[in-house]
Amino acid sequence: MSKIIVWENGDGTIAITHPLEPMLDGETETDYLDRIAAKLQTEIPDQFAALEYETVESTNMPPSRRFRAAWRLGENAVATDVPLAKALLKDAVRSERDTRLNDSDKEWLRLQAVGTQQAQDDYAAFRQALRDLPEDADTAIDALTTEAALLAYAPTWPTEP
Amino acid sequence: MTYRPGATTAEIVAESAVAKPVRPDRVRYSPGVAKAWARYSNSSGLTVTNSYNVTSVTDNGVGVATLNLTNPVTAALAVATGGQTAARSFTVAIVSTTAIQVTGVNSTTGAVDDMGTNCVVVYGDL
């Protein structure tokens, strides 16, 4: 089967149904997909009954699932909404920064107790660089214009002393 | 050749009448046999490697998929389980007689998250 069923939720997000069972004898692809969609609308009404759907070639999909929450229904395609993907990427950078900052707490406290002044200064600079990174990353991400560029983006994390 | 009547569906479900043969297309009624299963992965879209008694799989978004069964199971008596390859918690919920919802949760962050390869198996009565 070369087509998938794309449901547009009220908030613009999409659900994508991949049909599995074989087509009936003499059934056209359109009839087949409508039958699969009708089955879902009947059997899972809370999710599907009120939704419109379109069918899309299964190859017309974003290259990566990384920005799945930013997928939207396009012209015979599932496409990534680049501004939404940018927001997701910024959130991911902040989340990773928070993890790295939290992971550095233990060493920071240890240096406060037993480290030299130089070691404390170096480590403070490292932690400040972590704090500053999201702002620089936001600027870099805002300059990107394509999904491919967003997928390729990776911040340069400061090196722990 | 002596004709031997096969076990009825009720006899198969009850695992009684053990001397009777069971037709291959009726083995599925045995309580010890999986009533539906699927193996799929979250790549770009969603790739289903193999399945049984599953009409479709719906990718609902990050970490959540719904299996729509071809033949319904008795939801109150069904058991659904599964596993996956990523470092995620994995829950399988029976939404209705024909809908099984699979959700992955990142074990570190607690957020709903995509999984790697997912395997879901449903037992119960057809």
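Per chain, numbering begins at 1; letters A, B, ... match sequence-line order.
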Is B/S51 close to chain A through its backbone or its side chain, or both, or neither, when contacts mean heavy atoms under 4.5 Å?
side chain

Given a strict heavy-atom distance threshold of 4.5 Å, which part of A/I16 is in contact with chain B: side chain, backbone, both, or neither?
both

Given the options B/V64, B/T70, B/L69, which has more heavy-atom pairs under 4.5 Å with chain A than any of the others?
B/T70

Can you tell if the side chain of A/S2 reaches within under 4.5 Å of the side chain of A/E29, non-hydrogen atoms only?
yes

Could B/D59 and A/R68 be called an ion pair, given the rule that one side-chain N must be under 4.0 Å from one carboxylate O?
yes

Check A/K3 with A/E54, please: is the shortest side-chain N to carboxylate O separation under 4.0 Å?
no

Counting heavy-atom pairs under 4.5 Å with chain A, which one of B/V62, B/V54, B/T58 comes out on top?
B/T58

Residues B/D125, B/K35: salt bridge by 4.0 Å N-O rule:
no

Charged N-O contact under 4.0 Å between A/D105 and A/R127:
yes

Is it the side chain or the backbone of B/V48 that comes within 4.5 Å of chain A heavy atoms, both, or neither?
side chain

Checking A/I5 against chain B: side chain, backbone, both or neither under 4.5 Å from a heavy atom?
neither

Given side chains that start at C-beta, do those of B/T49 and B/T117 come closer than 4.5 Å, heavy atoms only?
no

With respect to chain A, which residue among B/T66, B/N53, B/V57 yields the maximal number of heavy-atom pairs within a distance under 4.5 Å?
B/V57

